[in-house]
Amino acid sequence: MPAYATNMRLKFPILALTFEIITIVLFAVFVDYDDGKGHGHGHGQGLPNDTHHEKQPMELYPMFQDVHVMIFIGFGFLMTFLKRYGFSSVGVNLLLAAFGLQWGLLMQGIWHLDDGKIKIDIFKIINADFSTATVLISFGAVLGKTSPVQLLIMTILEITLFSVNEHLVANSLKANDVGASMIIHAFGAYFGLAVARVLYRPGLRNGHENDGSVYHSDMFAMIGTVFLWMFWPSFNSAIADPGYTQLTAVINTYLSLAACVLSAYAISSLVEHKGKLDMVHIQNATLAGGVAVGTCADMNIGPFGAMLIGFIAGIISTLGFKFLSPILASSLGIQDTCGVHNLHGMPGILGGLAGIVAVALGKKDGSAAMQAAALASSLGFALVGGVVTGLIMKLPIWGQPPDQNCFDDSIYWEVPEEEEENEESLAHADHSKNKAEA
Amino acid sequence: MPAYATNMRLKFPILALTFEIITIVLFAVFVDYDDGKGHGHGHGQGLPNDTHHEKQPMELYPMFQDVHVMIFIGFGFLMTFLKRYGFSSVGVNLLLAAFGLQWGLLMQGIWHLDDGKIKIDIFKIINADFSTATVLISFGAVLGKTSPVQLLIMTILEITLFSVNEHLVANSLKANDVGASMIIHAFGAYFGLAVARVLYRPGLRNGHENDGSVYHSDMFAMIGTVFLWMFWPSFNSAIADPGYTQLTAVINTYLSLAACVLSAYAISSLVEHKGKLDMVHIQNATLAGGVAVGTCADMNIGPFGAMLIGFIAGIISTLGFKFLSPILASSLGIQDTCGVHNLHGMPGILGGLAGIVAVALGKKDGSAAMQAAALASSLGFALVGGVVTGLIMKLPIWGQPPDQNCFDDSIYWEVPEEEEENEESLAHADHSKNKAEA
Amino acid sequence: MPAYATNMRLKFPILALTFEIITIVLFAVFVDYDDGKGHGHGHGQGLPNDTHHEKQPMELYPMFQDVHVMIFIGFGFLMTFLKRYGFSSVGVNLLLAAFGLQWGLLMQGIWHLDDGKIKIDIFKIINADFSTATVLISFGAVLGKTSPVQLLIMTILEITLFSVNEHLVANSLKANDVGASMIIHAFGAYFGLAVARVLYRPGLRNGHENDGSVYHSDMFAMIGTVFLWMFWPSFNSAIADPGYTQLTAVINTYLSLAACVLSAYAISSLVEHKGKLDMVHIQNATLAGGVAVGTCADMNIGPFGAMLIGFIAGIISTLGFKFLSPILASSLGIQDTCGVHNLHGMPGILGGLAGIVAVALGKKDGSAAMQAAALASSLGFALVGGVVTGLIMKLPIWGQPPDQNCFDDSIYWEVPEEEEENEESLAHADHSKNKAEA
């Protein structure tokens, strides 16, 4: 692949401006503010325990802001662990999420028109933020190996498919998935893994010198981890029925995550050299409890039930990083940069399975068969959609980086001066170097 | 300028303690808690759609905390992009904001006495935080070239003038500016630019080796950017009328910012070398949509109207960084360290103009002429106030740093040991250096 | 001490898994969701000004999230100032808090059973988070000198004792301590100092090369400082009586912290070389106002009263770092890594004393004698409990690091590759080094 193909000067601005202008036109035609006078498809309406709950337009706003922080700080900084890819991680995360939330508002809203309009309220912008999470999860699988142009294309396709599957799961199957273990986490992970498979790079089979962390990049990543960890109860409860159901979702998530930390740390120490802890596990597997309890979060599974789910998720996730990821890369050609299979994929499936069991046990109204169908639908849409999207992204015109420039900001970003002089040195190469060489 | 003049040992403690003790005395005389029994000047009172809205003392608290994060994390970390000026950026930001909010409570409260007292409630502390934003914007223009003593003096003067202009705009002109495009952003920017002009340093005409970023300092700055970006809907809606008006302000800001990201990224890539993205643009111009939609945020401009404003703001701001800032520095002697003209100045004026148009089109009750007068008043107070303040700050007794020590924490801060040994090396100069030399 | 003793491979996983499994079993037996039907021991019930306050299950959720951020980001990042100990600071903070909140729920809940069950609501998870703060404060005193195994043991013991003392203070003595100056801050500090005394290391008398910061680690620590500073009003008001009492707690804390910043900066400049500011003071002493106003936060002490408390706390804390900590280390054998005596110990006692005076002056119903007894009880439990806990932690089987490996992540963590090659170089040692040597 010739180097000039990665020059984004025309293709990126044209694509970004075109996408945005089309979106603004669609908003002009289809979108309006919620003014409280519509017929509504909002949450909690018509529920027996909610008859006295008058709609307060700003009631969910603090929940929204927590989710917002997870999307932009949480996902963005979690991916900054790579030594030379921080600008792209947090910067492209912002780009994709900012476009994705607009597209998500359209794609999700189209199923719920009110007098021919999508009427935006806090509930809808929470869901718009949610829709971007699928893309950010998939982004983790292909991190460092794709151009911003490719990723914008992935964003528009993935959110479109997500919205179809979500509608199917929620409205046709009437399945429970309040914290989106299936429709966001498993969907986003397997979509991304399918894309990664299609974009397989044999040249990276033996690793890449920039595909790793340095001390400070691991610290930046912990900002992402901790904000995701803290606000996950909001993620899993934001669109739950108001009142005690929402409280249940908060408590289950809070406890699942706490138990997950203990098992992730314990297993990390157990499997690593001399019992040491591994930052990759701590940054990721501690969050698996939030993913896995998602489907059941608003169900009456008992506090200890939530803790059990989190405890198991932490074990599975850590073992996945240690033993499964290397096999996926070497045997199946799935190079999963952030290990999303371990954080979102397997724990997402665990969440879906837990939901089937919980509904079968009567922890919430519903049909175990429909829960199973929802899981199958999410995986099916993800795998098929991911393969098709991957094939489109593989077209040589989108400026995909050559192997040697993977995991390196400098191909798409101006990086501070000292780097330009010495492309092979670390980002924080210092003056001493020049001195030593002089 | 002799080096000893920068020793703050007596002048800084004396000034800081004096300011604080005077402030405490004024609080003892004039300030009390809101106890819900006053006659009130609170928000939303007497509005037709608000007759049933009983005052809940803690209702705005989550909004307040979002604004609080913007002031202390957002502004503080946004300015940490300089390679050797992080302590000052986040540390002096904390100092100025902590003093400024106390002074702002007094200066704003003086216009709204209740039985001879300023009665503090959440609404008032949100406004106190707001008043500090003007100073933090101006701080960005003179970052790296001023002493903490000078900046404390700027704080007290700027907040005093801000409060007069704010009172004029809100109470005399009765102009709309819910998100403060005019009274905070344009005011703070042009005030700071006027100060920067007065403090012009010919010695920095050809740049300064520390007036730039390194990889990690750009990452820290992104923490500021993203927190500002996420919580800007709270900034623009915190003091809006409760209910659907507040919701409108949230939605307009959310969408304006999202559209702004796309145009800022596109234009950054378009104007940079080989289509690469520039961190300066990403850190700043992505926020211009929040500034520019401020005045109109609570108006019925339509979701697509908000997106258009953000889209244009992202373009103007990025082009300003690329083409206008160098001209301002070289031709007008305005050395604007953070480019506040591009983030707050031009987008603030754009916001004021959009407000004039929106009011003229009947998107909200008001007078287009009064909107225009509010913009003119804000710019006038800023420019005249900034020049006078700059002249006071220029007095040689305030410990302004000599040119060669600009943009360097070590003149006002103890920096970790390794730096003291090698003043010219980078902050993170490592042991290898000493080794290599040995 | 032989090096192999620090290998955690078996002892850490076994301990962590055992603790977690026991906890899950206890939750299965004793814990359930609050469903709103219990008899309740919640806040504000039965208060005269609260008769119309119907319980909203999610009302305190935004407050909870602020406290949550303080525990996991605030405490976690505040301790990352050490140059090579960031993984442990933020990572072990997460581990201890995640386990501690589960244990705290049990230990605190045991006093308030409802039909034989601990019924979890937001109020209880706020208190669970609070209980972990004691451990995190003590962790600061022994930071860098203890193993994760030792710290897990400290967690379970300290939270158990905290819960007994808290019950005594709140229910038997009926003392006021809404912001927990006594029962969390003073308790946590003196507990940790007692542990540090028992674990005294003569070998560190002359310092340790890793017991200090580098530029970037100081920047990470400021993330912790600023989040603690911003959300402290939530810490002090979260469990206050709803309404205007809660508002008072917010305002007092907001103002105390603002005044504290000015005095901390002023004294830092006054006592340091050439009037420079010291990051250790800025990172810590600016928070002393939040600690010291804790006990009085919900009392009618007047805004200026709160400011006076903060002003004094900033002075005491800064002077403590400068003059008292070195004496404690050299004369009493108390090696207090983070200086918790200056941030939590002395300001906590100041808060307790201010509470005695305020109650004596009738600022809130209560007995000054009971306030004094509460302070004495907290200090007594802390010192005795800390000594006993320290003796248990001193057992040689827990993998305590030898002196030369103190303050170094690499003994318990896998650190990125370049470090393994050159154990003595800094974490961010770069490729240039290898080059220079080659």
Side-chain angles (χ1 to χ4, degrees), chain A residues 62-63 66 83 212-216 218-219 222-223 225-227 229-231 234 242-244 246-248 250-251 254-255 257-263 265-267 269-270 272-279 282 286 300 302-304 307-308 311 422 424-426 428-430 432-433 436-437, chain C residues 7-13 16-17 19-21 23-25 27-28 31-36 57-58 61-62 65 68-69 72-73 76-77 80 84 86-87 90-91 94-95 98-99 101-102 120-122 125 148 216 220 223 411-419 427-428 430-432 435-436:
Chain A
M63 284 277 177
D66 292 351
K83 65 180 81 159
S213 66
V214 288
Y215 197 78
H216 285 106
D218 272 325
M219 291 300 297
M222 282 302 284
I223 297 174
T225 296
V226 178
F227 273 103
W229 195 90
M230 294 186 301
F231 290 157
S234 301
Y244 287 101
Q246 197 167 35
L247 177 67
T248 298
V250 165
I251 292 171
Y254 176 80
L255 292 173
L257 283 162
C260 177
V261 167
L262 273 283
S263 61
Y265 273 73
I267 304 301
S269 167
L270 195 66
E272 282 297 326
H273 175 66
K274 289 193 189 170
K276 294 184 182 185
L277 299 164
D278 187 319
M279 258 295 171
I282 302 315
T286 52
N300 185 22
F304 82 97
M307 292 161 84
L308 261 182
F311 187 78
N422 309 286
E424 74 289 356
S425 78
L426 281 189
H428 51 279
D430 57 24
S432 67
K433 182 178 172 184
E437 289 176 342
Chain C
N7 186 326
M8 304 197 299
R9 185 141 206 180
L10 288 181
K11 60 186 83 157
F12 175 76
L17 294 175
F19 276 16
E20 185 59 40
I21 290 168
T23 303
I24 293 178
V25 171
F27 267 68
V31 181
D32 207 346
Y33 312 111
D34 177 35
D35 55 3
M58 294 292 291
Y61 187 70
Q65 278 296 2
H68 217 39
V69 172
F72 290 90
I73 287 285
F77 276 89
T80 62
R84 286 174 66 81
F87 291 8
V90 71
L94 172 60
L95 172 70
F99 177 66
L101 64 88
Q102 300 175 64
I120 312 184
D121 58 9
I122 303 295
I125 64 177
H216 285 107
F220 280 113
I223 297 174
I411 192 165
Y412 301 119
W413 294 81
E414 301 282 350
V415 288
E417 234 172 43
E418 69 268 69
E419 294 199 304
H428 51 279
D430 58 24
H431 291 178
S432 66
K435 239 188 192 168

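We use all heavy atoms of the structure for the numbers below, so side chains are in, but hydrogens, waters and symmetry mates are not. So you know, we letter chains A, B, ... as the sequences are listed, proteins then strands, and number each from 1.
- Note on C:Y412, C:F87, C:Y61: by heavy-atom pairs under 4.5 Å with chain A, the leading option is C:F87.
- In this structure, C:L94 CG and A:M222 CE are separated by 5.5 Å, a value rounded to the nearest 0.5 Å.
- Here the straight-line distance linking atom CZ of C:F12 with atom CG of A:L277 works out to 5.5 Å at 0.5 Å rounding.
- Counting heavy-atom pairs closer than 4.5 Å to chain A, the top-ranked of the candidates C:P148, C:A98, C:G76, C:A16 is C:A98.
- Smallest separation of non-hydrogen atoms from A:A259 and C:E20: CB-OE2, 3.2 Å.
- Chain C forms more heavy-atom pairs under 4.5 Å with one residue of A:V250, A:T225, A:I282 than with any other, namely A:V250.
- Note: C:I223 CD1 to A:I223 CD1 = 3.5 Å, rounded to the nearest 0.5 Å.
- Atom CD1 of C:I24 and atom CG of A:L308 lie 5.0 Å apart (nearest 0.5 Å).
- Using a 4.5 Å heavy-atom threshold, the side chains of C:Q65 and A:S234 count as touching.
- Residues passing the side-chain contact (heavy atoms from CB on, under 4.5 Å) test with C:D32, sequence neighbours excluded: A:P303, C:K117.
- Taking the six-membered ring where tryptophan is involved, the planes of C:F220 and A:H216 are essentially parallel, since the angle between them stays under 30° and well short of 60°.
- When each of A:T248, A:T286, A:D278 is scored by its heavy-atom pairs under 4.5 Å with chain C, the top score falls to A:T248.
- Residues C:V31 and A:L255 fail the side-chain proximity criterion, which asks for heavy atoms closer than 4.5 Å.
- Contacts of A:I251 with chain C are made by side-chain atoms alone, with heavy-atom separations under 4.5 Å and no backbone atom involved.
- Among residues two or more places apart in sequence or in another chain, the ring pair (Phe, Tyr, Trp, His ring centres under 6.0 Å) test is passed with C:F19 by C:F99.
- Note that CG of A:L257 is 10.0 Å distant from CG of C:L101, once rounded to the nearest 0.5 Å.
- Residues C:D34 and A:Y244 form a side-chain contact, since some pair of their non-hydrogen atoms from C-beta on lies under 4.5 Å apart.
- Closest heavy-atom contact between A:M230 and C:V69: SD-CA, 3.4 Å.
- Of the two parts of A:D66, only the side chain, counted from C-beta on, holds a non-hydrogen atom closer than 4.5 Å to a non-hydrogen atom of chain C.
- When side chains are defined from C-beta on, A:V261 counts as touching C:L95, because their heavy atoms get closer than 4.5 Å.
- The contact between C:I122 and chain A is made by backbone and side chain atoms together, counting heavy-atom distances below 4.5 Å.
- Put simply, of C:L10, C:D35, C:V90, C:T23, the one with the most heavy-atom pairs under 4.5 Å next to chain A is C:D35.
- For the atom pair CG of A:D218 and CH2 of C:W413, the computed distance is 9.5 Å after rounding to the nearest 0.5 Å.
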